[in-house]
Q: 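Let me give you the structure first, and then I'll get to my questions.
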2 protein chains.
Amino acid sequence: MDPHATETDRASTATRILDAAQAQIQRRGYNAVSYGDLADALDLTTAAVHYHFSSKADLGKALVARYRQANADARAAIQEEEETLRGQLERYVEGYVGILESGGLCLCGVLAADDETLPAPVRREVRGFFADQEDWLAEIIADADDAELAGHDAPREVAELLLATIEGAMLTTRHRGPDAYRTLLRRFIDTVAS
Amino acid sequence: MDPHATETDRASTATRILDAAQAQIQRRGYNAVSYGDLADALDLTTAAVHYHFSSKADLGKALVARYRQANADARAAIQEEEETLRGQLERYVEGYVGILESGGLCLCGVLAADDETLPAPVRREVRGFFADQEDWLAEIIADADDAELAGHDAPREVAELLLATIEGAMLTTRHRGPDAYRTLLRRFIDTVAS
DNA sequence: GTCTATAAACTGATAGAC
DNA sequence: GTCTATCAGTTTATAGAC
């Protein structure tokens, strides 16, 4: 690898296409982002984008799969490094703030709104993402010390409620900045963990 | 008016266009619904649709304004007919179930996901809708008997949290049917009203 | 109020040269 | 791996007849 290459140069074109697609879809929705938009953003032609992702279904599926994997890695790090349930939940919730700061929403929240227009493989990935979150949240809530739990007997329901709150808060507070989101989620966590 | 006209005949074309646009946008998102789609659904031409709504911004603005008004009427009826905070919240939450049953999301939830692509007048209406909900919810929570409240001192924050939960629960449970939504919201209300 | 006809731009996608 | 060139289909919108 060329040691003089810039950070941007080092990323493969396929990765740069995924980066641009993610940024634009999170801000504008799936159906408002075209091959032309991505080509323009990267100074390529639409044919070059098609070389890397032969169809939009292909691109969408690869995009959500990558998002899911990055998210799984982040969750693993949280579980390893945070000892208390409160610490884990706070870091998990904070993980979405960067998205809001760049003007977008959770990729899968946006795609869920476009659900009926998604190619089937993309829809499957989106549902898989939600299932991932609910499974993991239910697990860390169930595993928490009794002393830390605010009397919750149904980890799965609390997990689903937290995921819904995160996705909904991003939607309803996106025009007010990240602090509005933080305030809502802090209040939620207060009702779950001591 | 022709006394033999059917229910559908009686509705003006403008109203039928708004009905079709609302149904389709709630299922597919703003940018996946075209004049051609609406014309097809109503057996009209795109030119006829343009006669009633000269631009898509026009149509979108009229659509959200009507949605806001219908919602305001529903809230007024709830406030008049339900005596307890719990009764008011349960009926408010239940008001969104019909949307889920027809396969869609809250119109303004969908539009908020497409935020950056919306014509400015439409975006204003969408934010107005969210403000309407938060104002009203904060008011009924603040007005509730102390005996009924589960120790909440910040009506506004609880109102924002409820709205976020509703919008988010619709997004994350849409593929699981209305009962998944109901279960989540029941649990939320239990934490607010006795 | 609805139609036919049309425009100009954009969409996802392909063929073949370099 | 990227380009030029091109396709058929769609999108928002307008002009003018009925």
Side-chain angles (χ1 to χ4, degrees), chain A residues 1-2 5-6 8-22 24-25 27-64 110-111 114 116-123, chain B residues 1-2 5-6 8-22 24-25 27-64 110-111 114 116-123:
Chain A
M1 198 183 295
D2 178 6
T6 66
T8 314
D9 289 341
R10 260 200 288 277
S12 72
T13 301
T15 297
R16 288 166 58 230
I17 291 170
L18 290 177
D19 291 345
Q22 184 171 338
Q24 292 194 26
I25 291 175
R27 283 168 156 273
R28 308 170 51 81
Y30 182 77
N31 294 296
V33 178
S34 70
Y35 274 75
D37 293 331
L38 302 177
D40 286 351
L42 300 170
D43 254 301
L44 290 172
T45 60
T46 59
V49 181
H50 272 288
Y51 170 80
H52 294 281
F53 300 98
S54 61
S55 72
K56 209 178 166 183
D58 227 53
L59 172 59
K61 191 186 165 189
L63 182 59
V64 186
V110 171
L111 293 178
D114 294 326
E116 276 208 7
T117 71
L118 299 180
V122 180
R123 203 178 314 155
Chain B
M1 200 185 292
D2 178 5
T6 65
T8 314
D9 290 341
R10 260 199 288 277
S12 74
T13 301
T15 298
R16 289 167 56 232
I17 291 170
L18 291 177
D19 291 345
Q22 185 172 336
Q24 291 194 26
I25 291 174
R27 285 169 153 271
R28 308 171 51 81
Y30 181 77
N31 295 295
V33 178
S34 70
Y35 274 75
D37 293 332
L38 302 177
D40 286 351
L42 301 170
D43 254 300
L44 291 172
T45 61
T46 60
V49 181
H50 271 288
Y51 170 82
H52 294 281
F53 301 97
S54 62
S55 72
K56 209 177 166 182
D58 228 52
L59 172 58
K61 191 186 165 189
L63 182 59
V64 185
V110 171
L111 293 178
D114 295 326
E116 277 209 8
T117 72
L118 299 179
V122 180
R123 204 178 315 156

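Keep in mind it's a predicted model, so treat the numbers as computed, not measured. So you know, we letter chains A, B, ... as the sequences are listed, proteins then strands, and number each from 1.
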Q: Does a side-chain N or O from A:Thr45 land closer than 4.0 Å to OP1 or OP2 of D:dT2, or not?
A: no

Q: From the options A:Asp114, A:Leu111, A:Val64, select the one residue that forms a side chain to side chain contact (heavy atoms under 4.5 Å, CB included) with A:Ile25.
A: A:Leu111

Q: Could you tell me how far apart A:Asp40 (CG) and C:dG12 (P) are, to the nearest whole angstrom?
A: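 One finds 12 Å between P of C:dG12 and CG of A:Asp40, rounded.
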
Q: Determine whether A:Leu63 and A:Val122 make a side-chain contact, defined as any pair of heavy atoms from C-beta on separated by less than 4.5 Å.
A: no

Q: Which residues pass the ring pair (Phe, Tyr, Trp, His ring centres under 6.0 Å) test with B:Tyr35, not counting sequence neighbours?
A: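 Once residues adjacent in sequence are excluded, the partners of B:Tyr35 under the ring pair (Phe, Tyr, Trp, His ring centres under 6.0 Å) criterion are B:His50.
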
Q: Between the protein and nucleotides 11-17 of chain D, list every N/O to N/O distance that falls short of 3.5 Å.
A:
from, atom 1, to, atom 2, distance (Å)
D:dT11, OP2, B:Ser34, OG, 3.2
D:dT12, OP1, B:Lys56, NZ, 3.2
D:dT12, OP2, B:Tyr35, N, 3.0
D:dA13, OP2, B:Lys56, N, 2.9
D:dA13, N7, B:His50, NE2, 3.3

Q: Give a yes or no answer on whether the side chain of A:Arg123 reaches the backbone of A:Leu118 with a donor-acceptor pair at less than 3.5 Å.
A: yes

Q: How long is the line joining OH of A:Tyr51 and P of C:dC18, in whole Å?
A: 19 Å

Q: When rounded to the nearest 0.5 angstrom, what is the spacing between CG in A:Leu44 and OH in A:Tyr51?
A: 13.0 Å

Q: Among residues at least two apart in sequence or on other chains, which ones pass ring pair (Phe, Tyr, Trp, His ring centres under 6.0 Å) with A:His52?
A: none

Q: Round to the nearest Å and state the distance from B:Asp43 atom CG to C:dC3 atom C1'.
A: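 After rounding, the gap between these two atoms is 13 Å.
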
